[in-house]
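Working notes, structure below.
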Protein chains: 2
Amino acid sequence: MPLYTASSLKAELNSKGWRLTPQRETILHVFQNLPRGNHLSAEELYNVLHKRDEQISLSTIYRTVKLMARMGILRELELAEGHKHYELNHPYPHHHHHLVCVQCNRTIEFRNDTILKQGVKQVDKMGLELIDCQLTIHTICPEALRRGWPAMLPSNWACSRAIAQTEELEEDLSEN
Amino acid sequence: MPLYTASSLKAELNSKGWRLTPQRETILHVFQNLPRGNHLSAEELYNVLHKRDEQISLSTIYRTVKLMARMGILRELELAEGHKHYELNHPYPHHHHHLVCVQCNRTIEFRNDTILKQGVKQVDKMGLELIDCQLTIHTICPEALRRGWPAMLPSNWACSRAIAQTEELEEDLSEN
DNA sequence: TTATCTGCAAACCATTTGCATGGCT
DNA sequence: AGCCATGCAAATGGTTTGCAGATAA
């Protein structure tokens with residue numbers, strides 16, 4: 001299931017003059033063990049590591065995560081939360097895309113093989129190499145629509161999904 | 001050709017309790033008159049307006065551009081340059097997607113009707129409303145590949161496309 | 001008239017960077 | 001040994017926000 005073992009990661013890094021460090025290996029493992037559908041921001045990754053007493057500096061996290069994204073190991077997601085998220089770049093058939101509500105920022109994953117095929121076709125046509133291919137669909141959820149969206153009332157309005165999301169977050173935080 | 005006239009924009013804004021201001025009208029016009037394939041960051045838009053002596057504050061630009069993106073009038077692009085770009089959200093058949101080189105950040109537009117169709121299908125299936133649908137393909141250009149990419153040497157390496165891009169930029173700047 | 005909008009300046013905050021130390025190969 | 005990587009702290013820079021005055025509706 002893991003796409004990379006320590007040694008295959010090492011080989012790929014070394015082939016470019018880079019090194020396999022404990023930090024890089026640890027970070028890869030975190031992503032490999034992340035339940036499918038989850039993605040982490042740099043800070044979230046930092047916190048996950050802290051709980052495990054495997055402390056890695058934020059700088060290193062930012063550097064590693066960007067390196068791995070450029071290598072095609074991770075995928076960089078821009079999902080409207082104001083910061084980037086990362087996840088393993090799964091190949092077919094686990095490759096997927098994202099749908100984001102512009103009001104509540106809730107993200108929904110979906111698979112669609114046709115899109116990946118079109119991406120590959122496009123890249124082939126131009127003689128390029130594909131690193132990542134992601135469709136992002138911006139929508140408004142039904143609840144927001146019902147309330148008369150678009151209405152930008154960030155301080156005193158949120159659709160029920162956004163509220164549910166906030167409550168979930170607060171529960172997570174209070175668990176510690 | 002323009003998707004919105006002053007009055008249709010006004011109608012859409014007013015229907016949500018918002019207002020048509022000279023600033024909003026001006027900003028829409030800038031995007032409507034932008035050659036197809038161009039996109040502007042907030043700061044670029046600010047500079048364009050300054051040259052025309054139609055000064056609008058950066059805050060207003062940020063607020064307007066975000067509002068219009070949430071309304072579906074503009075599209076927010078994340079093209080790896082470290083800041084967001086905006087362009088008119090053209091409907092079919094002018095709808096398009098982007099391809100970005102992870103080394104030189106050069107962006108190439110391409111059209112692919114199949115992808116938009118899949119996006120619409122996906123959203124319909126879930127009973128949602130589509131605001132925007134954009135495929136972003138990350139690649140490495142042939143020049144970067146030839147030089148042994150991936151190799152992260154930001155200070156002393158750039159593929160010829162990146163250099164060409166820089167030169168273009170410098171020419172643009174020296175024209176004033 | 002009143003709620004929205006603008007402009008300004010200050011605040012924010014995710015991300016980057018310089019540098020000295022540490023550690024792969 | 002030599003070069004790459006890490007950690008820390010400071011800097012960066014795009015974007016947001018509070019507030020008072022201006023202005024659509």
Side-chain angles (χ1 to χ4, degrees), chain A residues 6-7 9-28 39-47 49-50 54-71 76-86 150-157, chain B residues 6-7 9-28 39-47 49-50 54-71 76-86 150-157:
Chain A
S7 68
L9 176 62
K10 181 176 190 307
E12 188 150 339
L13 285 165
N14 290 350
S15 76
K16 305 303 172 183
W18 299 331
R19 294 169 184 179
L20 179 62
T21 62
Q23 290 89 336
R24 289 177 178 176
E25 205 176 331
T26 300
I27 289 173
L28 180 62
H39 36 68
L40 299 175
S41 68
E43 193 154 355
E44 285 162 351
L45 176 52
Y46 179 80
N47 291 332
L49 290 167
H50 261 247
E54 303 189 88
Q55 311 193 350
I56 298 180
S57 76
L58 254 183
S59 322
T60 297
I61 288 177
Y62 275 108
R63 283 188 278 232
T64 302
V65 120
K66 169 170 278 187
L67 176 66
M68 290 183 173
R70 304 238 261 180
M71 290 174 77
E76 193 173 75
L77 310 177
E78 311 265 10
L79 301 173
E81 291 96 349
H83 48 268
K84 291 168 185 161
H85 281 219
Y86 296 85
M152 201 147 67
L153 307 168
S155 54
N156 52 18
W157 189 93
Chain B
S7 68
L9 176 63
K10 181 177 190 306
E12 188 150 339
L13 286 164
N14 289 349
S15 75
K16 306 300 173 185
W18 299 330
R19 295 168 183 179
L20 178 62
T21 62
Q23 290 89 336
R24 290 176 177 177
E25 205 176 332
T26 300
I27 288 173
L28 180 62
H39 36 70
L40 298 175
S41 67
E43 193 154 355
E44 285 163 351
L45 176 52
Y46 179 80
N47 291 333
L49 290 167
H50 261 246
E54 301 188 270
Q55 310 193 350
I56 299 181
S57 76
L58 254 184
S59 323
T60 298
I61 288 177
Y62 275 108
R63 285 188 277 231
T64 302
V65 121
K66 170 171 278 187
L67 176 66
M68 290 183 172
R70 304 238 260 181
M71 290 174 76
E76 194 174 75
L77 310 176
E78 311 264 10
L79 301 172
E81 291 96 350
H83 48 270
K84 291 167 183 161
H85 281 219
Y86 296 85
M152 202 147 66
L153 308 168
S155 55
N156 52 18
W157 189 93

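Letters go in sequence order (proteins before strands), and every chain restarts at 1.
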(message) For B:E12, is there any backbone N or O sitting under 3.5 Å from a side-chain donor or acceptor partner on B:S15?
(response) yes
(message) Using a heavy-atom cut-off of 4.0 Å across all strands, would you classify B:Q55 as base, sugar-phosphate, or nothing?
(response) sugar-phosphate
Could you tell me how far apart [X] ([atom1]) and [N] ([atom2]) are, to the nearest whole angstrom?
X	N	atom1	atom2	answer
A:I27	D:dG7	CD1	C1'	13 Å
A:L67	D:dC4	CG	P	13 Å
B:L77	D:dG14	CG	C1'	16 Å
A:E78	D:dT15	CD	C1'	14 Å
A:Y46	D:dT6	OH	C1'	13 Å
B:I61	D:dT16	CD1	P	13 Å
B:L79	D:dG14	CG	C1'	16 Å
B:E25	C:dC5	CD	P	15 Å

(message) So B:I56 and B:T64, do their side chains get closer than 4.5 Å, heavy atoms only?
(response) no
(message) Quick check: do A:M68 and A:Y86 have side-chain heavy atoms less than 4.5 Å from each other?
(response) no
(request) Apply the side chain to side chain contact (heavy atoms under 4.5 Å, CB included) test between A:L40 and each candidate in A:L45, A:N47, A:V65; give the one that qualifies. (result) A:L45
Roughly how far, to the nearest 0.5 Å, is the [atom2] atom of [Y] from the [atom1] atom of [X]?
X	Y	atom1	atom2	answer
B:K84	B:H39	NZ	NE2	15.5 Å
A:R70	A:K16	CZ	NZ	13.5 Å
B:E54	B:E25	CD	CD	10.5 Å

Check the interface with nucleotides 21-25 of chain C: list each N/O to N/O pair with the protein under 3.5 Å, or write none.
residue : atom : partner : partner atom : Å
C:dG23  : N2   : A:R19   : NH1          : 2.3
C:dC24  : O3'  : A:L20   : O            : 3.3
C:dC24  : O2   : A:R19   : NH1          : 3.2
C:dT25  : OP1  : A:L20   : N            : 3.0

(request) Would you give a per-nucleotide map of nucleotides 14-19 of chain C, 5' to 3', where B means the base has a protein non-hydrogen atom under 4.0 Å away, S means only the sugar-phosphate does, and - means neither? (result) SBBBB-
(message) Using 30° and 60° as the class boundaries, would you call the ring planes of A:H85 and A:H83 parallel, tilted or perpendicular?
(response) parallel
(request) Please report the closest heavy-atom contact between B:R19 and B:L13, naming both atoms and the distance. (result) O-CD1, 3.4 Å
